Amino acid sequence: MNTVGSRRRAVLEQMEQGSIMVLYSGEAIPQSMDACCPFEANHHFYYLTGLRRENMALVLSKSASEDRTMLFIEEPVPSMERWTGRRVTKEEATAISGIDDVRYIDSLQGAISRMIDRERVDAAYFDCYRYAMTDPDSCNMRKAREFAGAYPAITLKNAHTMLAAMRMVKDESEIACLREAIALTDKGLRRVLATLVPGQMEYQAQAEFEYAIRMNGAEGPAFETIAGSGLNGCMLHYNTNHCRMEAGSLLLLDLGARVKGYNADITRTYPVSGTYSPRQKAVYDVVLRANQAVAAAARPGLTLRQLNEVCKQTLAEGLMALGKIDSPEQIGTYYMHGVSHHLGLDTHDVSAHDETPLAPGMVITNEPGLYIDEEQIGIRIEDDLLITADGCEVLSQALPRTTEEIEALMAR
Ligand SMILES: [Mn+2]
């Protein structure tokens with residue numbers, strides 16, 4: 001059984017007796033005129049099939065007689081393939097997913113109807129994830145509503161809950177993708193270090209990074225690259241990257257490469273002129289100490305909230321020593337986000353909730369920062385951690401992080 005097959009096996013084991021799960025890969029979202037937004041397959045669907053194309057569906061059925069797995073794909077239409085590229089054939093879909101029972105998507109509703117007609121189905125799992133109440137319905141949410149309307153006596157269950165819990169713990173193949181994504185991110189950052197000069201535009205630093213990761217085989221950036229210099233580095237999700245980088249300022253880069261859908265998420269803060277001022281270095285080293293304290297503390301059993309407490313305490317001690325604040329409670333003025341989130345197919349990856357204790361195989365970020373607007377100092381140092389049996393492995397250990405290492409690489 002291949003990797004996605006063993007994941008489906010684990011899902012079937014957790015499903016209620018007398019239930020089905022229906023997951024759609026999704027539909028392309030129109031952007032304007034005849035253009036669509038870049039298509040992103042539903043991540044649970046990809047996780048369970050290895051397929052990332054639109055208009056597909058996975059059906060798992062757990063009934064008294066037998067477990068069944070069916071995959072539905074688009075039927076190839078030669079006249080359309082001329083324009084939009086060749087579609088996956090049944091044989092290719094079987095080879096990628098390990099699912100033998102592959103059918104065309106037009107027969108999906110009939111197949112579900114027959115299953116419910118012939119076997120006892122008490123519950124149906126759909127991906128009903130919603131970030132905000134006001135968000136538009138996803139494709140899977142729409143299908144869940146349609147299903148519930150047609151079969152009001154069958155209990156609707158949220159597949160997301162089960163799949164998020166599974167996806168929090170990464171298997172070997174996922175960790176390999178993350179390692180590769182981080183290695184490519186390292187290459188991109190080294191190119192920025194080799195090319196960064198005062199007077200350059202922020203988008204040029206972004207372009208050097210994205211050039212290097214694509215040249216080395218990344219699918220592309222994990223998310224919109226953040227390249228903020230000076231005061232822009234204090235804006236947490238700044239990504240317009242349209243300002244000129246002044247001599248003496250800091251450049252905060254929050255970025256990552258993507259490999260097979262898996263995202264690196266790294267932040268480094270470089271001195272545009274090649275050396276940090278004594279003040280910049282003093283603040284930088286406070287953030288670095290917090291980064292090191294969190295890496296030293298991360299281990300199974302701890303929660304992200306507890307890690308954030310370690311981070312806040314270290315940052316507060318540092319800023320009190322610098323005379324910037326008088327008491328630990330004031331740290332919120334200069335540090336206002338969390339130190340960690342899960343990382344995987346989503347950059348802010350699925351997690352059951354903040355209070356889930358860490359376990360071996362989880363991958364999280366470690367990203368303390370200090371944002372001092374009045375001094376135009378915005379510093380964040382973000383690494384990616386793999387939780388191990390007794391602590392953590394810093395997956396991004398090889399990426400230069402001390403001021404000495406960074407200044408040495410920029411000296412040329
Ligand atoms: Mn992050």
Side-chain angles (χ1 to χ4, degrees), residues 43 131 164 167-168 170 174-175 177-186 188-189 192 205-206 209-210 213 218 220-228 232-239 241 250-259 261-270 284 287-288 290-295 297-298 302-312 314-315 334-351 353-354 356 358 362-371 378-387 392-399 401:
H43 288 172
Y131 178 66
R167 279 174 50 194
M168 285 174 84
K170 272 67 185 174
E174 296 183 285
I175 293 166
C177 290
L178 287 164
R179 283 187 198 280
E180 176 68 12
I182 291 165
L184 291 170
T185 305
D186 189 16
L189 280 171
V192 175
Q206 171 187 4
F209 172 76
E210 292 176 5
I213 60 169
F223 48 89
E224 291 283 325
T225 297
I226 295 172
N232 296 336
C234 297
M235 203 187 303
L236 299 178
H237 283 173
Y238 170 86
N239 60 13
N241 305 346
L250 294 172
L251 171 63
L252 185 151
L253 295 158
D254 186 343
L255 38 69
R258 173 178 284 195
V259 170
Y262 286 84
N263 302 303
D265 186 6
I266 301 288
T267 307
R268 288 292 183 268
T269 309
Y270 298 148
Y284 189 101
V287 179
L288 183 60
N291 173 284
Q292 290 162 339
V294 168
L302 249 62
T303 64
L304 298 188
R305 193 184 298 270
Q306 287 172 312
L307 280 185
N308 201 35
E309 289 307 315
V310 171
C311 174
K312 276 158 70 175
T314 315
L315 291 175
Y334 299 110
Y335 171 70
M336 58 296 285
H337 54 79
V339 75
S340 190
H341 55 80
H342 288 259
L343 184 65
L345 288 173
D346 285 277
T347 300
H348 293 168
D349 207 23
V350 290
S351 53
H353 48 80
D354 270 5
T356 308
L358 292 172
M362 290 183 178
V363 176
I364 61 169
T365 61
N366 170 11
E367 47 181 315
L370 286 172
Y371 311 95
I379 296 170
R380 182 160 66 248
I381 306 172
E382 178 176 24
D383 284 301
D384 300 336
L385 311 179
L386 168 65
I387 303 300
C392 75
E393 177 191 345
V394 183
L395 295 175
S396 48
Q397 187 57 43
L399 281 70
R401 115 184 9 78

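Scope of the values below: all heavy atoms of this structure, side chains included, with no hydrogens, waters or symmetry mates. Model, not experiment: these values are computed from the prediction. For ligands, and for the atoms within them, numbers begin at 1 and follow the listed sequence. Along the sequence shown, residues carry numbers from 1.
- Residue Asp254 does not count as close to the Mn ion (ligand 1), with no N, O or S atom under 2.8 Å.
- Considering only heavy atoms from C-beta on, Asn241 stays 4.5 Å or farther from Glu224 through its side chain.
- The Mn ion (ligand 1) has an N, O or S atom of His341 under 2.8 Å away, backbone or side chain.
- Looking at Asp265, its N, O or S atom nearest to the Mn ion (ligand 1) turns out to be OD2.
- Per residue Glu367, closest N, O or S atom to the Mn ion (ligand 1): atom name OE2.
- A 4.5 Å side-chain heavy-atom check between Arg268 and Ile381 finds at least one atom pair inside the cut-off.
- Glu382 contributes atom OE2 as its closest N/O/S atom to the Mn ion (ligand 1).
- Taking the side chain as every heavy atom from C-beta outward, Glu382 and Ile266 never approach each other to under 4.5 Å.
- Looking at Tyr334 and Leu315, their side chains never come closer than 4.5 Å, going by heavy atoms from C-beta outward.
- In this structure, the ring of Phe223 has its center no less than 6.0 angstrom from the ring center of His237.
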